[in-house]
Student: 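First the structure, then my questions, so here it is.
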Amino acid sequence: MLKRLLLNSFIKLLLHLSKKTKTDLDDLLVEALRPPLGAATILAGFFVAALVIQFPEEPVNVHGFVMGLLRTVAIVLVAWSLYRGVRVVSQMLGKLTAKTESELDDQLVPFVEKFLKVVCIVIAVVMIVREWGYDVSGLLAGLGLGGLAFALAAKDTLANLFGSIMIITDRPFGVGDWVRTSQVEGTVEEIGFRSTKVRTFANSLISVPNSIIASTSVE
């Protein structure tokens, strides 16, 4: 009941303030943050409950475990908020780039959106690992022992990533173009991190690795 009361009042205040601005970005951000804020009010209640209950610390540190768990959930909520915020900003940028004559910015927006989402997830994972007392630098150093095997396993992934960068910067084709290679022919629907999705004349969707597209002849 307190969550609903506080959340509705806070959201109404934010929406009232956002309506005074000329842009719709803040309105969309407020709506996007509504679910994380609702979960945050519940989490705040658990924090207060954990302090009032006073869990024992001996022989097992239950209090430390519960507080660590709640702080982990808090990190997840912050990452969730940033994740949803990135999606809203990307939608607004998509509307702005649609008004320009260049097609490069239209292709860069989903690419940057995916990159920022991955950054949010990676940062959240690193913070959670540190929260539970693990040395992140030591963990990374330990992973370096298997660096060679990882590099070999990720060779194709990196090749596809660099291929997508070459496609976006060199712009041999764009979304909506009809292309033909030695392997596929159809309309380009999406240029992603790993592959380019092409819709064929038979209405089937084919994902072609970007490393192949970047190194082959494209008509």
Side-chain angles (χ1 to χ4, degrees), residues 18 21-36 76 79-126 146-219:
S18 63
T21 61
K22 297 181 179 180
T23 178
D24 295 332
L25 178 60
D26 46 5
D27 300 83
L28 295 175
L29 284 175
V30 171
E31 291 297 333
L33 294 178
R34 183 190 291 268
V76 173
W80 184 23
S81 302
L82 293 175
Y83 192 92
R84 292 176 64 89
V86 167
R87 185 169 59 184
V88 171
V89 174
S90 175
Q91 291 175 353
M92 294 298 297
L93 290 177
K95 294 180 180 179
L96 294 176
T97 55
K99 299 178 181 179
T100 61
E101 297 180 357
S102 174
E103 295 182 357
L104 177 60
D105 48 7
D106 300 271
Q107 298 176 17
L108 281 175
V109 169
F111 190 86
V112 173
E113 179 188 1
K114 293 178 182 178
F115 175 76
L116 291 179
K117 287 181 176 180
V118 171
V119 170
C120 292
I121 295 174
V122 170
I123 293 177
V125 171
V126 171
L148 179 59
F150 178 79
L152 292 175
K155 180 181 64 174
D156 293 337
T157 301
L158 293 175
N160 291 327
L161 176 60
F162 286 120
S164 63
I165 294 175
M166 291 176 60
I167 292 173
I168 291 177
T169 55
D170 192 44
R171 289 183 292 173
F173 55 83
V175 175
D177 289 345
W178 183 276
V179 298
R180 178 166 58 187
T181 69
S182 59
Q183 296 183 345
V184 67
E185 179 179 1
T187 304
V188 178
E189 287 200 352
E190 180 184 349
I191 301 174
F193 274 125
R194 179 188 175 277
S195 62
T196 296
K197 294 181 173 57
V198 179
R199 180 74 63 178
T200 66
F201 183 75
N203 202 32
S204 60
L205 190 63
I206 299 179
S207 297
V208 185
N210 288 329
S211 58
I212 295 178
I213 290 245
S215 60
T216 189
S217 300
V218 180
E219 179 183 355

Student: Within the 4.5 Å heavy-atom criterion, are V188 and W178 side-chain neighbours or not?
Tutor: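 Not in contact.
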
Student: I'd like to check the side chain to side chain contact (heavy atoms under 4.5 Å, CB included) partners of V118; sequence neighbours left out, ordered by chain and number.
Tutor: V122

Student: Not counting sequence neighbours, which residues clear side chain to side chain contact (heavy atoms under 4.5 Å, CB included) with R199? List them please.
Tutor: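 Side chain to side chain contact (heavy atoms under 4.5 Å, CB included) check on R199 returns E189, N203, L205.
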
Student: Under the rule for side chain to side chain contact (heavy atoms under 4.5 Å, CB included), what residues qualify as partners of T216, not counting sequence neighbours?
Tutor: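 T216 satisfies side chain to side chain contact (heavy atoms under 4.5 Å, CB included) with T181, S182, V218 only.
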
Student: Check side-chain hydrogen bond (donor to acceptor under 3.5 Å, both in side chains) between S217 and all other residues, then give those that pass, not counting sequence neighbours.
Tutor: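 None.
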
Student: Rounded to the nearest 0.5 Å, what separation is found between the OG1 atom of T196 and the CD1 atom of I206?
Tutor: 12.5 Å

Student: What heavy-atom pair brings V198 and E185 nearest, and what distance separates the two atoms?
Tutor: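 Scanning both residues, the minimum pair turns out to be CG1-C, 4.2 Å.
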
Student: Restricting to side chain to side chain contact (heavy atoms under 4.5 Å, CB included), what partner residues turn up for A32, sequence neighbours left out?
Tutor: R84, V88

Student: OH of Y83 to CD1 of I121: how many Å apart, nearest 0.5 Å?
Tutor: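 With rounding to 0.5 Å, OH (Y83) is 5.5 Å from CD1 (I121).
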
Student: Enumerate the salt bridge (charged side-chain N to carboxylate O under 4.0 Å, His left out) contacts for residues 202-219, please, sequence neighbours excluded, ordered by first and then second residue.
Tutor: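 Found R180-E219.
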
Student: Please identify each residue that fulfils side-chain hydrogen bond (donor to acceptor under 3.5 Å, both in side chains) with S90, with sequence neighbours left out.
Tutor: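 Once residues adjacent in sequence are excluded, the partners of S90 under the side-chain hydrogen bond (donor to acceptor under 3.5 Å, both in side chains) criterion are E113.
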
Student: Just grab all the salt bridge (charged side-chain N to carboxylate O under 4.0 Å, His left out) pairs involving residues 201-216, residues at least two apart or on different chains.
Tutor: none

Student: Can you list everything that forms a side-chain hydrogen bond (donor to acceptor under 3.5 Å, both in side chains) with K114? Sequence neighbours excluded, please.
Tutor: E190

Student: Would you find a donor on one side and an acceptor on the other, under 3.5 Å apart, between the side chain of S204 and the backbone of T200?
Tutor: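 Answer holds: no.
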
Student: Look up atom CG in L82 and atom SG in C120, then write down how far apart they are to the nearest 0.5 Å.
Tutor: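 Going from CG on L82 over to SG on C120, the span is 5.0 Å.
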
Student: With sequence neighbours left out, write down each residue that passes side-chain hydrogen bond (donor to acceptor under 3.5 Å, both in side chains) with S195, or none if nothing qualifies.
Tutor: none

